[in-house]
Protein chains: 2
Amino acid sequence: MERTVDSFVACMDRTDQPSKSQVDFRTSRQGTICISSIEDVRPAAEALRDLARDLGNLRVAACANIASKMAMADADGNALASDVFGWPGSKDQWWKKPLLALSSPLTFACRYESEPFWVNADGIRTRAPNPLLDKIDLSHFHDEVNAASVIVIPVHLPFGQIGVVSFSPIDEGRSDLSREFDAYADVLEYQGRRFINGYSRVTSQRPWIPRNCRLSKREVECLRWAALGKTDVEIAMILNRSCATVRFHIHNAAIKLEAVNRSQTVFKATQLGYLGSVAVAAPGTHATA
Amino acid sequence: MERTVDSFVACMDRTDQPSKSQVDFRTSRQGTICISSIEDVRPAAEALRDLARDLGNLRVAACANIASKMAMADADGNALASDVFGWPGSKDQWWKKPLLALSSPLTFACRYESEPFWVNADGIRTRAPNPLLDKIDLSHFHDEVNAASVIVIPVHLPFGQIGVVSFSPIDEGRSDLSREFDAYADVLEYQGRRFINGYSRVTSQRPWIPRNCRLSKREVECLRWAALGKTDVEIAMILNRSCATVRFHIHNAAIKLEAVNRSQTVFKATQLGYLGSVAVAAPGTHATA
DNA sequence: AAAAAACCTAGCGCTAGTCACAGGTTTTGG
DNA sequence: CCAAAACCTGTGACTAGCGCTAGGTTTTTT
């Protein structure tokens, strides 16, 4: 067990601030944000705002679904960005611009990263190296983010939904958040995640109720290749089966997932994690027969 | 601000055990699992095992990708389930059976839930109600899970990958984990998540490097409907555009995502969260012109 | 041993992918 | 302010690929 502990100590990057972070974590638990109905959204957002302000004079921005242009709102339909988090209403209300969600480097990075990170114009700082983030363009960082630096919490949810909570300094000068990130990333992640989780739960209607989606081995196998863009002729060659067989399996999968065509079948299977991160399954699959 | 605090207190479900959980969280931070290379997997797994044992005499089971039949292993290729977590090698090694991952109710539930929950033969207990989990069949619970009860931590990752860490009592009699869940769910979630995060980072090769995937508004709009199974004729009617225009947009999206056909385009767009949780976008979209 | 799944195959009609073309609208940048 | 560059809209036709039904074989479950 000693060996184990040692290796962890070597990994730790915050041992220099033990007492502070402990207190934060305690605070976080007592103020745990719990959203059980739409009425809880407002107080939960206010608590998140207060937490961010008290911890590091930070301002909150949140998006429950980066694929949606819908701004987050409370039970009365008031936008959280302006009414709670205190973003100036003048500056042409960035959170209403649908283009931003599609082009912001922050949104972009959230697609590829699962852990908290912080960003300024000089680069993206993750806990562990992520080469996928290296090629993100930060040249218009300040214009797109409305801050000189920001701590970002990506929140990956079921059904392929991605949310994000970000924290940027209220006084716009600060471009270094390394200290705040080291000290508060964990608590901000915890609270931000629960906030987005709860908000999604009470707002998004999930109309799709799959009856029996126990896909068989072959069905998933065929769907994997289909998701990679292979035609059924190609899949048939890969799996050493007939073309009709491949179609049959995919068709069966479509019935189980209540999908009407191949695209929707792939979509639903992806949402449910059946095809997750297919890095081209092991070679030699054509030797199964 | 008083109102805020009050509403949270009403939501809190663990105020009866304040001191205990605080200690746990402190412990968790000092023993933070950090996997920066494949060699760290083994000690990280051992630490997770020790944490589970010390907290509640629990045994760990983990899966980094419920879509893959690959068992988690350390740098030398040893299966973590048998070599570290201590699952008996005799009982025909459940973690090697690919069918289980497709049919286990635990795996199933992870597709629909983002927060920790615990299960026994009587039902699934989530923090907040989740109607999607109600219809899951638990009649063969003990056979499929190899335990009378279990705490489950779903881990939703980028690219549509879903992982899971579960904790079940070492002595197989216990079927009630409500106390352990209330006290340790947060720390188990934190540690389990970081473990799966780190493992995925050092093991899974992500060969796909999207060059320019700034999809335009129309492209995403068309892809949404395509993912819902609409044909391009239907999409054209919905958006009040010509059929060829719809094809044009989807084709452009395919080029940006480096996809070769519609299915792969939908797949990649889903992985990147462009279509996340499409609950049929707001009506009236045909009035944009 | 019976039953139920899962698996494999064939052929027909329809959809989607692609090409070449022409022009309007919004954003971006000098 | 103008120009360039994206982005958006539209036409028409051909071919490869997909959706679907029907029926037989193998494997798993009861």
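Numbers restart at 1 for each chain; the letters A, B, ... are given by sequence-line order, proteins then strands.
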Is there a residue in residues 243-251 of chain B whose heavy atoms reach under 4.0 Å of DNA chain C, and which residues are they?
Arg247(B), His251(B)

Hey, does the side chain of Gln264(B) reach the backbone of Val260(B) with a donor-acceptor pair shorter than 3.5 angstrom?
yes

Between the main-chain N or O of Val155(B) and the side-chain N or O of His156(A), is there a donor-acceptor pair closer than 3.5 Å?
no

Would you call Trp118(A) and Val152(A) a side-chain contact if the rule is heavy atoms closer than 4.5 Å?
no

Partner residues of Ala67(A) under the side-chain contact (heavy atoms from CB on, under 4.5 Å) criterion, sequence neighbours left out:
Asn65(A), Arg224(B)

Please report, rounded to the nearest Å, how far the [atom2] atom of [N] is from the [atom1] atom of [X].
X: Glu234(B); N: dC14(C); atom1: CD; atom2: P; result: 16 Å
X: Gln264(A); N: dC18(D); atom1: CD; atom2: C1'; result: 15 Å
X: Leu239(A); N: dC8(C); atom1: CG; atom2: P; result: 9 Å
X: Asp232(B); N: dG17(C); atom1: CG; atom2: C1'; result: 9 Å

Compare every heavy atom of Lys230(B) with every heavy atom of Glu234(B), then report the nearest pair and how far apart it is.
OE1-CA, 3.2 Å

Smallest separation among heavy atoms of Ile235(B) and Ala226(B), with atom names:
CD1-N, 3.7 Å

Would you please name every residue forming a salt bridge (Lys or Arg N to Asp or Glu O under 4.0 Å) with Arg174(A), sequence neighbours left out?
Asp171(A), Glu180(A)

Phosphate-side-chain proximity, Arg218(B) and dC7(D), N/O vs OP1/OP2 below 4.0 Å:
no

Verify the contact: side-chain N or O of Lys217(A) to OP1 or OP2 of dA5(C), cut-off strictly under 4.0 Å; return yes or no.
no

Between [options], spot the one nearest the side chain of [X], thanks.
X: Lys256(A); options: dC18(D), dA6(C), dC8(C); value: dA6(C)
X: Arg241(A); options: dA16(C), dG19(D), dC8(C); value: dC8(C)
X: Ser216(A); options: dG10(D), dA6(C), dA16(C); value: dA6(C)

Heavy-atom nearest nucleotide on DNA chain D taken for Arg262(A) and for Ser242(B); more 5' hit belongs to Ser242(B)

Under the side-chain hydrogen bond (donor to acceptor under 3.5 Å, both in side chains) test, residues paired with Ser175(B) that sit two or more places apart:
none

side-chain hydrogen bond (donor to acceptor under 3.5 Å, both in side chains) filter on Asp122(A), not counting sequence neighbours, yields none

How far does the helix from dA1(C)-dT30(D) to dG30(C)-dC1(D) bend, going by the axes of its first and last five pairs, to the nearest 10°?
80°

Regarding Val233(A), tell me which of base, sugar-phosphate or nothing describes its non-hydrogen contacts under 4.0 Å with the strands shown.
nothing

At under 4.0 Å between heavy atoms, what does Asn252(A) touch on the DNA or RNA strands: base, sugar-phosphate, or nothing?
nothing

